[in-house]
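Report on the following structure.
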Amino acid sequence: MAPPAETDGQALTWRGTLLARLPGGQRSYWLVVAVVAAVTGLVVAAIAGLAGGGSSLGELAPVIVATQPIEAGEPLSGQNTEARRYPTLTLPAGAVAALVGDEVASAALHPGEIVTKARLGGLPIGDRTEVAVPAHTALPPLAPGDLVDVLVTLPISDDGGAGAQATLTVADAAVVTDAAEHAVTIAVTEQELLPVASAVVQGSITLALVQPG
């Protein structure tokens, strides 16, 4: 059986249904339409800003980005970095805008990572490993780049049981990579790493300045 035909007065469109359900009738309907239009406009503007790097995320600014893995102590150059432009509000603190030619990574950088000032300042140390040596008043004034010999003084006993001391050199021309108030960080070779680490634990360490950086 076919449904009864609707008259013009009985036909309900989605608008008529909404008007029937909203308190306030037609005035509330147009208020809802205005709110939906405003929200839609804001969403579209935000999407446009994200897509184009527009003012919603700040102006585009130049930054240096790693293009390949960079190890700590490795110099930065056009071979392992490139300049890109990103919205300012997306940049990490201390982002580097340009290289001057003598930057060295103080920590490993990964491809795509934005270079920051916190990642710079290290020294080229090649295959060496860094070791922290407790600082004391007997150490000479040191700065990153200085070369030092590492000496350790150990207690020994002679045949008669009397106490004595012996001083040994456990590393030659180690590279000073950081000189803080309570510790000096040096870079030593693989062969020197264990003797230096053992000396730090067992004896009294002395750093003898060989060559200022």
Side-chain angles (χ1 to χ4, degrees), residues 62-84 86 91-156 164-213:
V63 291
I64 300 300
V65 178
T67 56
Q68 63 187 51
I70 302 174
E71 299 298 327
E74 184 178 349
L76 275 63
S77 67
Q79 281 67 50
N80 54 23
T81 67
E82 68 180 13
R84 298 179 187 174
Y86 289 139
L91 299 180
V96 175
L99 299 178
V100 298
D102 59 355
E103 290 86 355
V104 177
S106 59
L109 292 164
H110 305 285
E113 183 176 351
I114 295 175
V115 179
T116 62
K117 294 179 180 177
R119 294 292 198 188
L120 302 180
L123 293 166
I125 59 176
D127 295 331
R128 292 173 177 251
T129 302
E130 291 182 309
V131 180
V133 176
H136 55 79
T137 55
L139 294 181
L142 297 173
D146 287 347
L147 300 181
V148 294
D149 287 342
V150 183
L151 293 80
V152 58
T153 301
L154 299 171
I156 60 174
Q165 292 181 328
T167 299
L168 307 173
T169 300
V170 291
D172 295 310
V175 182
V176 176
T177 59
D178 185 66
E181 180 180 358
H182 301 294
V184 176
T185 303
I186 58 175
V188 298
T189 66
E190 182 179 354
Q191 294 75 19
E192 296 169 336
L193 177 58
L194 182 56
V196 170
S198 299
V200 170
V201 175
Q202 299 177 12
S204 176
I205 292 289
T206 300
L207 300 182
L209 182 63
V210 178
Q211 175 184 332

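- Side chains of Val175 and Leu147 form a contact here, defined as non-hydrogen atoms less than 4.5 Å apart.
- Counting heavy atoms from C-beta on, the side chains of Leu120 and Val104 never come closer than 4.5 Å.
- Between Ile114 and Pro92, the shortest heavy-atom contact is CD1-CD, 3.7 Å.
- Pro195 and Val170 get closest at one heavy-atom pair: CB-CB, 4.0 Å.
- The side-chain heavy atoms of Asp172 and Glu192, taken from C-beta on, include a pair separated by under 4.5 Å.
- A donor-acceptor contact shorter than 3.5 Å links the side chain of Asp149 to the backbone of Ala173.
- Across all their heavy atoms, Ala174 and Val188 have their closest contact at CB-CG1, 3.9 Å.
- When side chains are defined from C-beta on, Val96 counts as touching Lys117, because their heavy atoms get closer than 4.5 Å.
- When all heavy atoms are compared, the tightest approach of Val63 to Ala95 is CG1-CB, 4.0 Å.
- Pro134 is listed as a side-chain neighbour of Val200, based on a closest heavy-atom distance under 4.5 Å.
- Between the Thr81 side chain and the Ala66 main chain, no donor and acceptor come within less than 3.5 Å of each other.
- Between Arg84 and Glu82, at least one side-chain nitrogen of the basic residue sits less than 4.0 Å from a carboxylate oxygen of the acidic one, meeting the salt-bridge criterion.
- Between Leu76 and Val115, the closest side-chain pair of non-hydrogen atoms falls below 4.5 Å.
- A pairwise comparison of heavy atoms in Leu109 and Ala105 identifies CD1-CB, 4.3 Å as the closest pair.
- Using a 4.5 Å heavy-atom threshold, the side chains of Asn80 and Glu74 count as touching.
- The salt bridge (charged side-chain N to carboxylate O under 4.0 Å, His left out) search around Glu71 returns none, not counting sequence neighbours.
- Summarising the geometry, atom OG1 belonging to Thr167 is positioned 8.0 Å from atom CG belonging to Leu154; distances are rounded to the nearest 0.5 Å.
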